[in-house]
Amino acid sequence: MDKALPTDRSADLSQPLDRLGPDETLKHESDQLRGTILQNLADGVTWSVSQSNAKLLKFQGIYQQDDRDVREERRRQKLEPAYQFMARVRLPGGVCTPAQWLRIDSLARRYGGDTLRLTTRQTFQFHWLLRHGLRPVLQGLHEVGLDTVAACGDDSRGVMCAVNPELSALHAELAALAQASSDRAIPRMRAYREIWYGEARQPQKGPEEPFYGTTYMPRKFKIGFVLPPSNDIDVYAQDLGYIAIVENGEIIGFNVAIGGGMGRTDRVSTTYPRLASVIGYIPKDRFFLTTEAVMSVQRDYGNRADRTRARFKYTIDDKGLGWVADEIARRQGFAFEPARPVSFTGNGDTLGWSKGEDGRHHFTLYIRSGRLNAGSRDGLMDGLRAVAEVHKGSFRLTPNQNLIIADITPRERGRISELMAAHGLDSTFSGSALRQHAMSCVAFPTCGLAMAESERYLPDLLERLEPLLEKHGLTDTPITLRLSGCPNGCSRPYIAEIALTGRAPGKYNLYIGGGFHGERLGTLVKENVGEAQILGHLDTLFGRYAAERSPDEHFGDFCTRIGAAEAA
Amino acid sequence: MTTTSFPGPGLSEEQWARLKALAISLSPEQSNWIGGYFTGYADAARGLVGAMVAEPPVSVPVPMEAAAQRSLTVLYASETGTAMGLAEEARQHAAGKGLTVKLHDLADYKPAALKDEQDVLLIASTHGEGEPPQPALDFFETLGGRKAPRLQGVRFAVLALGDSTYEFYCQTGRTLDSRLAELGGERLKPRIDCDVDQIGEGRRWFAALIEGLADTPAQAPATVSLAPVGAPVQTHGENNPFHAEILENIAITGRGSSKQTRHVELSLEGSGLTYMPGDALGIVPRNSARRVEEVLAAAGLAASARATLDDGEHELGALLETGFEIAAATPRFLDHWASLSDAAALRELAQPDRASGRNEWLRSHHVVDILRLFPVKGLDATRFIAGLRRLQPRFYSIASSQEAQGGDVHLTVSTVRYELHGTQREGVVSGALAGLAEGETLPVFMRANPHFRLPADDVPMVMIGAGTGIAPYRGFVQERALRGAAGRSWLIFGDRNFRSDFLYQAEWQAHQKAGALSLIDAVFSRDGAQKSYVQDRLRERAAELYAWLEEGAHLYVCGDAAGMAPDVHQALIEAVAAASGRDDEAAKDYVRALQRDGRYQRDVY
Ligand code: SRM
Ligand SMILES: Cc1cc2nc3c(=O)[nH]c(=O)nc-3n(C[C@H](O)[C@H](O)[C@H](O)COP(=O)(O)OP(=O)(O)OC[C@H]3O[C@@H](n4cnc5c(N)ncnc54)[C@H](O)[C@@H]3O)c2cc1C
Ligand SMILES: Cc1cc2nc3c(=O)[nH]c(=O)nc-3n(C[C@H](O)[C@H](O)[C@H](O)COP(=O)(O)O)c2cc1C
Ligand code: SF4
């Protein structure tokens, strides 16, 4: 194990820039992500930024987008696309205070098109920000201790953390670890403070980014902490997952899982989703060393010549899991202990009231696709603002795009639930168990990569699926359904029991047979098909499942067992 | 000498040879003058002058033994080409009668030269708010000032053009007529004021004047006619427009805009019509059937009612559709209706001293409203028609370069829509245009605009436009891009909202990227907290603007005549003063010099 096997280094950090992909040169020459963003912000002829500045802005948590619903119309009108920006908050573990909630809510109403989006990595996204609205929003966040640093880009992204309301003490500890690891793992990014807070540039002694250098990571790097038995964060989809091992109520250490990832590209076989591999166990206090070691291995050996092969999962498959695990152990200075046994029961949320072992109450609120709209009939955004104005506890954004109004003291519970009733927030979730376990990515009209509708199609899809479920008596059977508007898989579809990924408007790939707690990849059973074929195929499967399943056998397991998950 | 007409600017061998022979013999000043002469000549030939302008003979002053009669000089001051067209007709008519006649644009005529004239016919229009046409501002200011010449022995007659819907109706002609008398000139004929639909009366007036002058037998030898050298002969005019097919007609103001501006592309194939950037396209209007029915109902008259005009009887319905302006009412209609209805309120408004109050009232009371408010019983069609004004063609600054657009013509039209007395109203032409589909046709003709021309290729230019005022610059930049012209260009554009009203935004960005446009300033009045307009940007960019002017840049202003043009003019003076340290008076002179040298041109409406 001690002798590092000779490994191919032709496409990584050791190479001169001209041997690597153009993005590496862009990062290197960007003066640590400053680029020419400041000049671009003053350009009076366009409300966009240049393509290269747009790439740098991703590191700063900002995506340049345009309203795709009017893109064609404006092109014919000889007007530039309706440029707008998405900004993603860095919210480690998805925990925010009522004061932060109120500030985010008011910024969304003033600058963000009266809407907010809770994401599958437990944070907020603003949409519809105009370029001159970016500074006021980022400064507004700064005033309540929030930023958008490294929410996107080739760096350590939002760190996820299980929400698990019943285990409040453990959650608090894990959430703190998520916050600490995010604070350590993100770039220092002086550029962010200069561009958005107007701070003067300070002379630097030594490198500005000791860990990230000038070319940062080869690709995004995603970390998540999970607390069995719930796999709500989908630890197997993380680049680096920590599975908390608990003995008599105490977290003693973590099983370490590496190389999870969803993204793929249709008809490019060298790209595929991959489940993270558990490579061993570490004591709790070592996790900083392990995080640094794992990230530095990916930083040094990740493919920088071909971005489609840059994610950590490909580094592991290129170099071999054994070699990578040894290199990590070498860098962290200690060997992995054998992984501890773990069991997960599911990756969904339990809706409604629950009580932590500390006697505090939590209410998990279902928010379809995490979408909040000011003044909308569902009353969610307006109701939550009213709650935030009085709530003394915290909010937890769940990995399933829902929200927990958390840590409500017994004394406050009456007042909070009255307020929720007044705004219709507490109406117990109605609809099928499948609807409760359904997720969709954003896609149209803001996502530049979307090929088919997702968030805007989910309600229609659910409306057409629920009669089928009822027909087969499956209304109360939980089944995970995940919809993505393109193969990038932002709703973690490839590990869902039923998954649709967009190919073209109204056309999807259908995957069947993923694990109920995200422990198995689904199989492509229908390629580039329309709704009728999808509904037809699911109707038959539902029928067989209802008739032939063994007691509490999950849909995904059943389909795998009867071979209904054979490749198309 | 036959005129060989051929498509495009190609010259026949023989014409080329004669042109070169002439060119070698000319001094720079002479060739410059001839250039202007032919431009003016070409524009007059294809401009307003009657339909079939076959071959206007050009009179070359031939030395004569003894001029028995006094010479006649026709002088005109024009901004949109009407006075110029009439002056050319007067010149032709006088020449036809054997008079020695010269024609000059007051834009290039020194008042001092007046004292050496014998008989002078002046045709002058009024623009802005009662001001002289912009190109001839110098002449009128000097004539009104201390340096004006004494005019004993000079006989004059003034034909004033105007539009009675303006407060200062025919102001330029009125002041000119009294000033010439004041300077000792002898009035040949009392001044005539012609409203936009009284051009015919103006023609009869100067024909009578010329008749009188030509009573002594003509002895002058027949004039030598010089075939027009390569001048394009327009075969279509206001009275027989070309029915151009609509190739494209889309709203280019983005979704959510507070108004609508349309981009229209028309085919000129088979029309023989040609244009240069800066020219305008005339559209012959037709009232919508719905408007005609409304007016008939309000007047209590039937479409089949008969109305007699000077050329016989017509059906009222048809007349109202193609003949008369039935939306906005003129003071003349007010007076007419005051007498017909005998309504006290109208009579009171018709008093001469109530001019501004009247115009204010007329802005919010159109024909149909007056008919409804002051009904007249037993009205007959002829009496009703008598108060209405003839339907005038609408003009649109051409927004393309003919060569760059394969012969097509593009327009940028703002749809006039407004509410009055609780009903939606729309402009006759722009309203109709908003509903026309591709494939349908529009009756069009060309109108040259010699005072809004591109400078030479290497000369820098500053183009200031608000709203649809950006239209001609699209033709300017397309033409320069096509020719790979080296001259730098700066666009200063203003409108209401960036997201929806930045007209042709993507094209300007592309031009800038390709180097055909050096600088763009886009100003929007309804985006930010405080309102900002192109004139504010001019003051902010005073130093840069002055630098461009010092490098010989030509300056253009296009768009709203009432508000924007005067404010921009003032801002220009302040910018020159601020950047050059000149005092206000000196800055005014600097700007006037630009106008005089043709380096500050306006296309305002
Ligand atoms: C908002 C969110 C989906 C949602 O409905 O919640 C989202 C939205 C977008 N994702 Fe994602 N991704 C989101 C979670 C994910 C996940 C799930 C996860 O991380 O657990 C994945 C799969 C896991 C993985 O990374 O493999 C995911 C894989 C991608 C990819 C594919 C990456 C790859 O390795 O191939 C892209 C495209 C890329 O990065 O080039 C992408 C890119 C995008 C962009 C930014 C589109 C773009 O690059 O222009 C989307 C913005 C759409 C919009 O208008 O808001 N997103 N994206 C999620 C925000 C997470 C966060 O707060 O950070
Ligand atoms: C040289 C020149 C170039 C031009 N270039 C352009 C150009 O490039 N683009 C362009 O759009 N136009 C241009 N115009 C203006 C154009 O010629 C027409 O005047 C304009 O399009 C309106 O014509 P219309 O037939 O649609 O409206 P009309 O039937 O003429 O209606 C206009 C009349 O409606 C009345 N009116 C309008 N608004 C209101 C209101 N709010 N309340 C009460 N009454 C109201 C007024 O009496 C106004 O005179 C140009 C004009 C000139 C002289
Ligand atoms: C922008 C503009 C302003 C005008 N202002 C006046 C005015 O103040 N008084 C007036 O009598 N006529 C006014 N007119 C009408 C013109 O004098 C009339 O259209 C005349 O026929 C134009 O002749 P020209 O084309 O030779 O300039 C105005 C016309 C325009 C386009
Ligand atoms: S899955 Fe594709 S379409 Fe959906 S948000 Fe992610 S990138 Fe956009």
Side-chain angles (χ1 to χ4, degrees), chain A residues 35-36 39-54 64-86 109-115 126-137 139-140 373-375 444-446 448 456, chain B residues 247-257 259-265 399-400 410 412 438 470-471 473-474 477-478 490-495 497-513 517-525 527-529 532 534 536-537 540-541:
Chain A
T36 56
Q39 296 90 310
N40 247 180
L41 294 180
D43 184 336
V45 179
T46 172
W47 273 3
S48 66
V49 293
S50 70
Q51 278 319 321
S52 45
N53 281 332
Q64 172 162 277
Q65 304 180 326
D66 70 282
D67 181 349
R68 293 184 63 183
D69 283 347
V70 295
R71 184 184 281 179
E72 180 49 23
E73 174 183 300
R74 286 179 67 84
R75 190 191 56 74
R76 273 201 317 280
Q77 294 176 318
K78 307 166 197 302
L79 295 168
E80 74 173 6
Y83 286 113
Q84 43 93 10
F85 292 82
M86 177 267 280
R109 288 171 196 266
R110 178 130 185 252
Y111 301 99
D114 274 334
T115 187
F126 296 96
H127 285 103
W128 310 112
L129 303 177
L130 297 181
R131 193 186 63 199
H132 46 271
L134 290 173
R135 270 208 184 99
V137 169
Q139 285 168 7
N373 286 312
F444 288 93
T446 52
R456 293 196 297 199
Chain B
L247 302 172
E248 180 156 353
N249 177 9
I250 52 167
I252 54 170
T253 33
R255 186 188 282 240
S257 174
K259 54 183 177 163
Q260 182 187 79
T261 299
R262 307 189 68 79
H263 172 74
V264 184
E265 295 183 12
S400 56
H410 298 180
T412 314
E438 279 142 22
I470 200 168
Y473 305 138
R474 186 164 179 267
V477 175
Q478 279 180 7
W490 178 4
L491 171 68
I492 303 176
F493 170 66
D495 211 309
N497 296 91
F498 180 96
R499 176 53 62 87
S500 56
D501 304 333
F502 195 159
L503 301 179
Y504 303 109
Q505 176 181 29
E507 290 183 357
W508 305 118
Q509 291 173 342
H511 279 309
Q512 187 165 36
K513 205 181 255 138
L517 189 52
S518 331
L519 262 180
I520 304 177
D521 270 277
V523 197
F524 295 90
S525 58
D527 275 345
S532 60
V534 286
D536 304 312
R537 184 57 60 90
E540 288 155 27
R541 305 271 277 165

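In the text below, chain A, chain B and the rest are named by the order of the sequence lines, each starting its count at 1.
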Okay, B:Asp501 and chain A: the region with an atom under 4.5 Å from a heavy atom over there is neither
Around atom CD of A:Glu72, are there more than 12 heavy atoms from other residues, nucleotides or ligands closer than 6.0 Å? yes
Correct closest heavy-atom pair for A:Gly44 and B:Ala522 would be O-CB, 4.0 Å
Bottom line for A:Val45: the part with an atom under 4.5 Å from chain B's heavy atoms is both
*A:Arg76 side chain vs B:Ala251 backbone, donor-acceptor pair below 3.5 Å*: no
Value for CG (A:Asp43) from CD (B:Gln509), rounded to nearest 0.5 Å, stands at 8.0 Å
Check your understanding: Is it the case that more than 12 heavy atoms not belonging to A:Arg71 sit under 6.0 Å from its CZ atom?
Key -> yes
Okay, B:Ile520 and chain A: the region with an atom under 4.5 Å from a heavy atom over there is both
ask   = Is the shortest heavy-atom distance from the side chain of A:Glu80 to the side chain of B:Trp508 under 4.5 Å?
value = no
In this structure, NE2 of B:His263 is separated from CD of A:Gln77 (nearest 0.5 Å) by 12.0 Å
In short, B:Arg499 meets A:Tyr83 closest at the heavy-atom pair NH2-O, 2.5 Å
Neighbour count above 12 (heavy atom, 6.0 Å) for A:Arg456 CZ: yes
For A:Thr46 and B:Gln505, the nearest pair of non-hydrogen atoms, with its separation, is CA-NE2, 4.2 Å
